[in-house]
Structures are given as C-alpha cells and as structure tokens.
Amino acid sequence: MKAAIYCRLSEEDRNKQFVTDDSNSIQNQKALLLQYAMEQGWEVYNLYSDDDYTGSDRRRPEFNRLLEDAKAHRFDIVLCKTQSRFTRELELVEKYIHGLFPIWGIRFVSIVDNADTANKGNKKSRQINGLVNEWYLEDMSENIRSVLTNRRQNGFHIGSFALYGYKKDPGQKGHLLIDEEAAAVVREVFTLFSQGYGKTAIARMLNDRGIPNPTEYKRLHGLRYRQPKGKNSTLWKYFAISDMLTNEIYIGNMVQGKYGSVSYKTKQNKPRPQSEWYRVEGTHEAIIDRPLWNRVQSMVAERAKPFDCGTVGLFARKARCANCGYTMRSSKNHGRHYLQCSNRHVAKDACIGSFISVEKLEQMVIDELNRLSAEYLDKDELERNIAVCENLQGQKKQLLDTFSTYEKRIAEYTKGLGDLYMDKVKGLLNESDFSALSKEFSSEKSRLERVLLDGQRQLAELEDRIALGDNRKALVEEYVNQKHLTREIVEILIDYITVGKRIPGTKDVPIEIHWNF
C-alpha cells in the first residue's frame, strides 16, 4: 500500500529562522506520520507540505497537488495528523473524504482523531469532526472581525500597508507616520490642483519628471504594496490623482472599512456603503492643512458634472482605447465633441492616442446597425455576423449543475437529521449533542433551500435573456434606420466599443463594436 503524507501548519509560524525553512510544527508532523506509516508497513509515495496556510484556504499548492495525484490514483492512502490538517471545511470533508476518495479508491486516515474511511462505523464521528472544524472557522472569523472592528472604531490603522505619503510607525502598532519624500509629492498634487491644473495635467507633470507612481515608489523602497490586477504601469494616471484629492487620511482622519469580505470562506471583498465606513478624526499627523483641503474639495465639487445623456455623454464609459484598454474621455473643441484616450496625455509614448469625434463614431454605429439589419433581412444570417452572447447557455448549464449539487446536499441533510434522531434513540448521542447537531443541520438545510430559491429566480432571468436573444431580428429592426442614437439605445445595444488609431493617409479610424445581443 502506498501512502501520501499531508502536513499543514496549524498556527501562525513563529519558529522559522528563514522564510524558506520548515517550521517546527511541520517537522513534528512529518516525523509522526513517517513513523506511523513505517509501523503500518506502508510505502510512502510522497510527502505534501503546506506551510503558512489556513485550513480554509482552497488555494494551498500542495493540497491541490495531492488531490490531482489522488485522482490519478498514484497512491492508496492519504495520511494526516488530524482531519483538520486536511481541511476545516465540512463541504470539503463531504466532497473528498466521503465522496471522491471512495470513488478514486483512496483511503483517508488521520492519526490523532482516529478518522479512517476503512472503518465504516466512524463516518459520523468524521462528520462531527467536520462540523466542529467548520464551527471553529466561523467562530475564529467572527472573533477576528470583532477585534478588527474595535480597532477601526478606535482609529487604529489595520491595513497591510500604509497609504502613499505615510508609513507605519514601528514603535506604535496601528499608528501612521509621515513619509516625507512621498508627502512632498502629495502636497504638490494638492497645490497644483488648487492653482487650476487638471488631474491629467498633474499626472503628466509628475511623469515627465520621472516621479514613480505610488505602487512603483513602494516597490523601489522595499515597502508592502498591492499591484493592481492586470496592470504594472509605473506612470501616474488620472484616477490616482482623483482618488488622492478626496482621501481624508491626508488631513489626519482615519477612514477604513470601505470594503468588506463576502464570507470567511472566500478572499473576495465587496464595496460597503459610506454609512458603514469607520471614520475617526485626528488619529495621525496631517499632510494637507485644512484651508488647502477645503479649497480643493470646493474645486472638485465645482468641476463635477452630472451625467449628460445628450451628445457629450452618448458613449460615456462605452468607448475604450484599442491600444491600452483605458476608457476614453470626452473633450470639446470649436463646438464639436471628441473622444480621446486619457493615457495619451499622461506621459510621452504612453499610448498611441486613439481619437475620434462623437459624430463620426455615432454614424459608424448607425451604419453598422443598418448593415446588420440588411444582411439579416436579405440572407437570414444575423447569427453569423453578430457576436451573440453565447455564454448565456453556459451560465444556464452551470446554474443547473449547481442546483443538482444543492439538491443532493439538501437530501443529505434531511437524511442526516433522521440518522441523528435514530442515534439519539439508540443512546449513541446525548440530548445536548443531538440538539446542537440537529440545529446545525436544520440551519444549513434551510440556508441551502434559500440559495436554491434565489438560483431559480436567476434561472428565470437567464431564460428571459436567452429568449430575447432568440428574437434578435425584432431587437435589431427596432433600432434600424435611425438618424441619431440616444443614450438609451447605446445602453441597450452596446457592451463596449474599441477605437484604434487613425489609418495614416486616410480619415478612417478602425473600431470594433461589442454588442449586447
């Protein structure tokens, strides 16, 4: 029999001399499991070790490598110190230990808590272990959330890294100190804006002088930073200046909690309403004085324009530069409106500088609509000429697959409630344990039923959208032969448009329209 040994660190690692070393905890687990495998006469196929990972992290590299090898049946047994070393999630216990491992012919054994899938009699104890581990995760998450909320309410900085212009105080946890080198740039940005310079103009001035943007500055100084997803530019951009000018941290106020986690089981965050932010005044030294701050906020408010549904805003947020992917901004010259790539102005050679008049783009969209309509009506080939949103059927299939999973789990919880009652009748469970477990099972069953109901509503909406897609002829015919577009038509028909550089020697500007249908 071949055994795969899996180890995972169970607490925050404090006993490593170097980051690349194994912790004592991991070394102890390895020694214990190797000794046990030798006593059982099992051949050790491989040793999988995840150091500095929590039991709820599904992205553990060695954990996922173990699962791939298990699926390929490269070994017969998965050996762990405890079931919680493998996972603390009940969902994964059911999916792998009780689901896929038996199908793959894999036996699961954990030494300390005596979990062994070869012993059919201790399945319920494994499920109870899974529940206890799940409760542990939830309680730990709530405890951490409570501590962080308290620190936010008291004005302590709890982020992984400080805002540009500040640095963490090494002598006082949760306190910020001014980083004078970066703070000088912050003061300059506020001053330039108060003198009438625009945000793009300020970005270009900083780029022309070779001043690194906040992310690049932190990287160069060995500070912690977050790299924007899919972007590694070292240039200042319009939005970096815009965000800086309205951030209260620069006047000494701590503002946190703008985003919150969706669940303790996922790393995803979502925006929180401003009313739920944690705002505490005077927690650290200000970089910007109040008179300058008030003047800048007044100017920001004056320059903010309401959304224009007329000609100027016809393609707002819909037109993108084909070269760099950034949203094109509107401008006006001699009474005519234009769209241009904002990157064109932030630095030399930053982008090719896509540019087109709103009037020209409007006519090109109208011409394309009429062409599609003519081809469809004459040849009945609209499906070959329009990039139909084909992923709707894929979303429907995925939703139906999810329904199947939820219905199966609901059935399992229903059966589990019956099994718990029988165990209570037989005296295998006392009243207290039965009450706690049945309450948990019932709660989870109710939650899944609510999720299933929400999913059915989503399915109905998807089917409506699919039905609309099957009626594309009527949809297109409704908007053909237009002399002018409206914002409503653009919103309904167009997902986005990419605009390229004008072809040299011509007046032609290449565009690519991505339709909503």
>> So, taking the atom named CD1 in I489 and the one named CG in L369, what distance separates them when rounded to the nearest 0.5 Å?
In response: 8.5 Å

> Who are the side-chain hydrogen bond (donor to acceptor under 3.5 Å, both in side chains) partners of R336, not counting sequence neighbours?
Replying inline: E359

> If you measure from CZ on R320 to CD1 on I497, what distance do you get to the nearest 0.5 Å?
Replying inline: 10.5 Å

> Out of E285, H284, K168, which one pairs with H175 under the side chain to side chain contact (heavy atoms under 4.5 Å, CB included) rule?
Replying inline: H284

> Which heavy atom in W236 sits nearest to a heavy atom in P214, and how many Å separate them?
Replying inline: CH2-CD, 3.5 Å

>> I'd like to know if R219 and E216 make a salt bridge, using a cut-off of under 4.0 Å between side-chain N and carboxylate O.
In response: yes

>> Checking the side chain of N247 only, and the main-chain atoms of D243 only, is there a donor and an acceptor separated by less than 3.5 Å?
In response: no

> Below 4.5 Å, heavy atoms only, C-beta onward: do M364 and I356 meet side chain to side chain?
Replying inline: yes

> Do S298 side-chain atoms and N294 backbone N/O form a donor-acceptor pair below 3.5 Å?
Replying inline: no

> Checking side-chain contact (heavy atoms from CB on, under 4.5 Å) for the pair L206/V189: CA distance, chi angles, key distance, verdict?
Replying inline: CA-CA 9 Å; L206 297 176; V189 168; 4.0 Å; yes

> Do you know the tightest heavy-atom contact between L177 and P170?
Replying inline: CD1-CD, 4.2 Å

> Does E412 come within less than 4.0 Å of R409, counting only side-chain N to carboxylate O?
Replying inline: no

> side-chain contact (heavy atoms from CB on, under 4.5 Å) between L245 and K199: does it pass, once the steps are laid out?
Replying inline: CA-CA 9 Å; L245 292 171; K199 298 169 187 175; 4.1 Å; yes

>> With rounding to the nearest 0.5 angstrom, report the CG to CZ distance, N64 to R60.
In response: 8.0 Å

> Side chains of Y338 and V358: closer than 4.5 Å at any heavy-atom pair?
Replying inline: no

>> Return the CZ to CD distance between F193 and Q297, rounded to the nearest 0.5 Å.
In response: 8.5 Å

> Heavy atoms, side chains only, cut-off 4.5 Å: are F315 and E362 in contact?
Replying inline: yes

>> side-chain contact (heavy atoms from CB on, under 4.5 Å) for W293 and E248? Distances and angles first, verdict last.
In response: CA-CA 9 Å; W293 169 264; E248 285 189 60; 3.9 Å; yes

> What salt bridge (Lys or Arg N to Asp or Glu O under 4.0 Å) pairs are there with at least one residue in residues 173-182, not counting sequence neighbours?
Replying inline: E180-R187

> What's the shortest heavy-atom distance between A286 and I178, and which atoms?
Replying inline: O-CD1, 3.7 Å

> Hey, does I366 have a side-chain heavy atom less than 4.5 Å from the side chain of Q363?
Replying inline: yes

> Between Y197 and T191, is any pair of side-chain heavy atoms under 4.5 Å apart?
Replying inline: no

>> Any non-hydrogen side-chain atom of M244 less than 4.5 Å from a side-chain atom of V186?
In response: yes

> Is there side-chain contact between L176 and M254, with at least one heavy-atom pair below 4.5 Å?
Replying inline: yes

> Once you round to the nearest 0.5 Å, how far does OH of Y250 lie from CG of L292?
Replying inline: 13.0 Å

> Can you name the nearest heavy-atom pair linking P212 to Y164, along with the distance?
Replying inline: O-OH, 4.5 Å

> Would R58 and F63 count as a side-chain contact (heavy atoms from CB on, under 4.5 Å) if you check the C-alpha gap in whole Å, the side-chain angles of each, and the deciding distance to 0.1 Å?
Replying inline: CA-CA 8 Å; R58 300 189 181 192; F63 175 77; 5.6 Å; no

> L339 and M328: which non-hydrogen atoms are nearest, and at how many Å?
Replying inline: O-CE, 3.3 Å

> Any idea which heavy atoms bring W277 and P273 closest together, and the distance?
Replying inline: CD1-O, 3.4 Å

>> Using 30° and 60° as the class boundaries, would you call the ring planes of Y96 and F86 parallel, tilted or perpendicular?
In response: perpendicular

> Is any NZ, NE, NH1 or NH2 atom of the basic residue among E281 and R279 found under 4.0 Å from an Asp or Glu carboxylate oxygen of the other?
Replying inline: yes

>> Are R329 and T200 packed together at the side-chain level, in the sense that at least one heavy-atom pair is separated by less than 4.5 angstrom?
In response: yes

> Could you state the interatomic distance from CD1 (I287) to CG (D289), rounded to the nearest 0.5 Å?
Replying inline: 12.0 Å

> Do the charged groups of E94 and K408 touch, with an N to O distance under 4.0 Å?
Replying inline: no

> Hey, does the side chain of K501 reach the backbone of A322 with a donor-acceptor pair shorter than 3.5 angstrom?
Replying inline: no

>> Check this for me: H221, atom NE2, are more than 12 non-hydrogen atoms of other residues, nucleotides or ligands nearer than 6.0 Å?
In response: yes

